[in-house]
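Beneath this line is the structure, given in structure tokens, with notes to follow.
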Number of protein chains: 2
Amino acid sequence: MASRAKATILDIAREAGVSKSTVSLVLQGSGLIRPETAVKVRKAIEDVGYVYNRGAANLRKAHSNVIGMVINDLTNPFFTELAVGMERVFQSAGIVPFIANTAENPVRQEEVLKSLMEQGVAGLIVSPARGTTPGAFRRIETAGVPVVFAMRRLPESRIPVIAPDNHRGAFLATAHLIGKGHRRLAFFGGSSDLVVYHERLGGFREACATLGIAAADTLVFEGETSRKGGIACLDTAIAMAEPPTAALCFNDAVAFGAMLALRKHGLEPGADFAVVGFDDVTEAEHYMPALTSVAVDAAGLGERAAHAMLKMIQSRTTRAEDHIGAVNLVVRESCGPARPRRPGMGDAA
Amino acid sequence: MASRAKATILDIAREAGVSKSTVSLVLQGSGLIRPETAVKVRKAIEDVGYVYNRGAANLRKAHSNVIGMVINDLTNPFFTELAVGMERVFQSAGIVPFIANTAENPVRQEEVLKSLMEQGVAGLIVSPARGTTPGAFRRIETAGVPVVFAMRRLPESRIPVIAPDNHRGAFLATAHLIGKGHRRLAFFGGSSDLVVYHERLGGFREACATLGIAAADTLVFEGETSRKGGIACLDTAIAMAEPPTAALCFNDAVAFGAMLALRKHGLEPGADFAVVGFDDVTEAEHYMPALTSVAVDAAGLGERAAHAMLKMIQSRTTRAEDHIGAVNLVVRESCGPARPRRPGMGDAA
DNA sequence: GCCTATAGATGGAACGTTCCAATAAATCAA
DNA sequence: TTGATTTATTGGAACGTTCCATCTATAGGC
């Protein structure tokens, strides 16, 4: 049933009664061969159950058509949206990207990158794992393989970045909260080893400062970027002598966690405590109450990153311009009713 | 900055003053070379910025260490859990699996499989796209590459399958609904071109039949396996002259949709209409109301599939035993209070 | 001192492609 | 008819590895 030793281009040549060169030409769709010959060859290919050996070809050609997408957390719908966006453009370019997950683990990331490089990828789109060391991409850069960072950046790297405007998003969200009358605000979740964290926290702080919130009234709670982290942040916040009345969360998962915890404490998200998320995953819209969140268009950024990569490969350069994607605040129900509250402590029902 | 032509094993040899054979031996950690020589070689490797060319090596060796995981929908957390489970075991086996997404599109799947085969994968774990044609894997089978199906199976294929016990899961869920006093039941979502669909529907029907629900009182609504599909199913069901009072949903996404639609109609999930999901994604637990669902342990099945694949590769066979994973019903709030209702129409509050 | 083992290192062929240069056959211009 | 041009096809070298068979020392046994 299974033909033993796998067929090569020479087997096809023998079968079709032509030379290996002719078969090779047919394989790459050259117009140089007579149509009848091509038909004959294609039939032979079918008959012997041939499968093209791209490794052998790359040995000669030196440019592969595989692109690696390295994702830090496939479990987070935000990043799968990013991946899906990238895939969309690669697909229409006739390229099959390979996705590898690093599970937010720098060591794993190292392995993954090594493996991808050994496979001879033409390019790499990476959302780096938390705690990636500055030198992690040095070897890849010296190898001349184009890399673009998506969503996240590294502290002092020259690698092009496609990411949302985190600072502005956080500013917008915080301004919204303040506009609702809140005067004591928290920032929930995230950890300081991520550049994104500083960007978002920076926006939060700037909004507080420019809109007249005293530094003493802006509270920051680091924590896991997950539901669990959100729960923990809210629990410790609510236990304070003078608890905040609203929180900007590092991402939607944290926001969901915070809302869960609010209910646990007998408080109603929106009415008793305002929460806004970041990323606007699809779930945000369907949650109860629907989550107000900063939309970043992950899929769009993915497409953008893929296009940048394609262009880099084509023009055989390793440089490209950064792109900071527009964000916008999607107002739903998790910050209470539409009309602004009266100035004051603002936590009355 | 970037060293031009990429370094090969010969460059290392020259640098270290040894032969290419020696370098090769060092690379594969052979004990045949003198330690001091090995050190010298390893230094040269570092110095020239060498990256191993697996393609060239495979040309000679004929067994690669890449495994392809082909997923039908990366957007569905259920399948990413599966992927993460597989990854876990491959990682500890020192293998980096490449994930490819087919977006539930058989044509795309064809491309993806072709690409993976050309790359010379050692094995393939596939959750086939809806509408996959029976012959889609013939070529791969004749090439002798081991394949395992995860979660889904094809109608009449000899390829080993790792999947949950869909029939039993549906039976359990339906029995639960009937035990709650419901007498007119619906099955929401899914389409008949999926084997899973028939398995789950079969369990539903068997439970109805054996527990005394008339065929006229078991309603089936096909539909998309998404929130949108769930909304559509509920909308048409509720518009009937004699609507059902409970529904088993093809999966959790459909269940979320149905609950959303219930609220839209002013009905409260759980109290006014019972819904149970399938798959028990993490979101189910946190939903309002928390969703009663059939837990299938996607990650566990992924691990199982990965182990099966590893074993197949090791024993160079293309056959393995099917594995039907245990399921269990996780009862939460979406079917109303714990005590059984009075027999009767059962839709009174 | 000679023969045999052994440890360590090596040259060369092979793997399955691509692509250049060369060839053969057919067509055209004169 | 002849030479030039075009159209189809082809052999061979190269790509970067692995691995077998071979080679050279050095050590050991006598």
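Proteins get letters first, then strands, A, B, ... in listed order; numbering begins at 1 in each. Side-chain atoms are counted along with the backbone in the values below, which use heavy atoms only and exclude waters and symmetry mates.
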**Report entry** S24(B) side-chain N/O to dT17(D) phosphate OP1/OP2 under 4.0 Å
**Finding:** no

Query raised in the report: If you pin K20(A) and T37(A) to their nearest nucleotides in DNA chain D, which one's is more 5'?
Result: T37(A)

Report task. Kindly compute the distance separating CD1 (I45(B)) from CG (D11(B)), expressed to the nearest 0.5 Å. Result -> 11.5 Å

Query - Distance-minimising heavy-atom pair for L194(B) and R152(B) - result: CD2-NH2, 3.8 Å

Query raised in the report: Does dT10(C) have OP1 or OP2 sitting under 4.0 Å from an N or O in the side chain of T22(B)?
Result: yes

Report summary line: Side-chain contact check for I33(B): nearest option of dT17(C), dA9(C), dC19(D) is dA9(C)

**Report entry** Rounded distance (Å) that lies between atom P of dG16(D) and atom OH of Y50(B)
**Finding:** 10 Å

Query raised in the report: Given atom NE2 of H63(A) and atom P of dC15(D), what is their separation to the nearest angstrom?
Result: 16 Å

**Report entry** S19(A) side chain near dT10(D) phosphate (N/O to OP1/OP2, under 4.0 Å)
**Finding:** yes

**Report entry** Atom-to-atom span, CG of L10(B) to P of dG16(D) - whole angstrom
**Finding:** 8 Å

Report task. Map N53(B) and Q28(B) onto DNA chain D by nearest heavy atom, then report which one ends up closer to the 5' terminus. Result -> N53(B)

Report task. Determine whether any donor atom in the side chain of R60(A) lies under 3.5 Å from an acceptor atom in the base of dT17(C), or the reverse, and answer yes or no. Result -> no

Requested in this report: Respond yes when some side-chain nitrogen or oxygen of R34(A) is under 4.0 Å from OP1 or OP2 of dT9(D), and no when none is.
Outcome: yes

Report summary line: When rounded to whole Å, the CG to P distance for the pair L27(A) and dT10(D) reads 15 Å

Report summary line: Here the distance between atom P of dG16(C) and atom CG of N58(B), to the nearest Å, is 12 Å

Query - Verdict with supporting geometry, S115(B) and E111(B), side-chain hydrogen bond (donor to acceptor under 3.5 Å, both in side chains) - result: CA-CA 6 Å; S115(B) 183; E111(B) 295 170 4; over 6 Å; no

**Report entry** No-H, no-angle donor-acceptor pair, S21(B) side chain to dG11(C) base, under 3.5 Å
**Finding:** yes

Requested in this report: Would you kindly say whether S24(A) and S21(A) are connected by a side-chain donor-acceptor distance under 3.5 Å?
Outcome: no

Requested in this report: Starting at atom CD of Q119(B), determine the distance to atom P of dG16(C), rounded to an integer number of angstrom.
Outcome: 17 Å

Query raised in the report: Nearest-Å distance, CG (L32(B)) to P (dT10(C))?
Result: 13 Å

Query raised in the report: So does K6(B) reach the base of dG16(D) with its side chain, donor to acceptor, closer than 3.5 Å?
Result: no

Report summary line: Between CD1 of I45(A) and P of dG16(C) the distance, given in whole Å, is 16 Å

Query raised in the report: For the ring pair F98(B) and F90(B), is the centre-to-centre distance below 6.0 Å?
Result: no

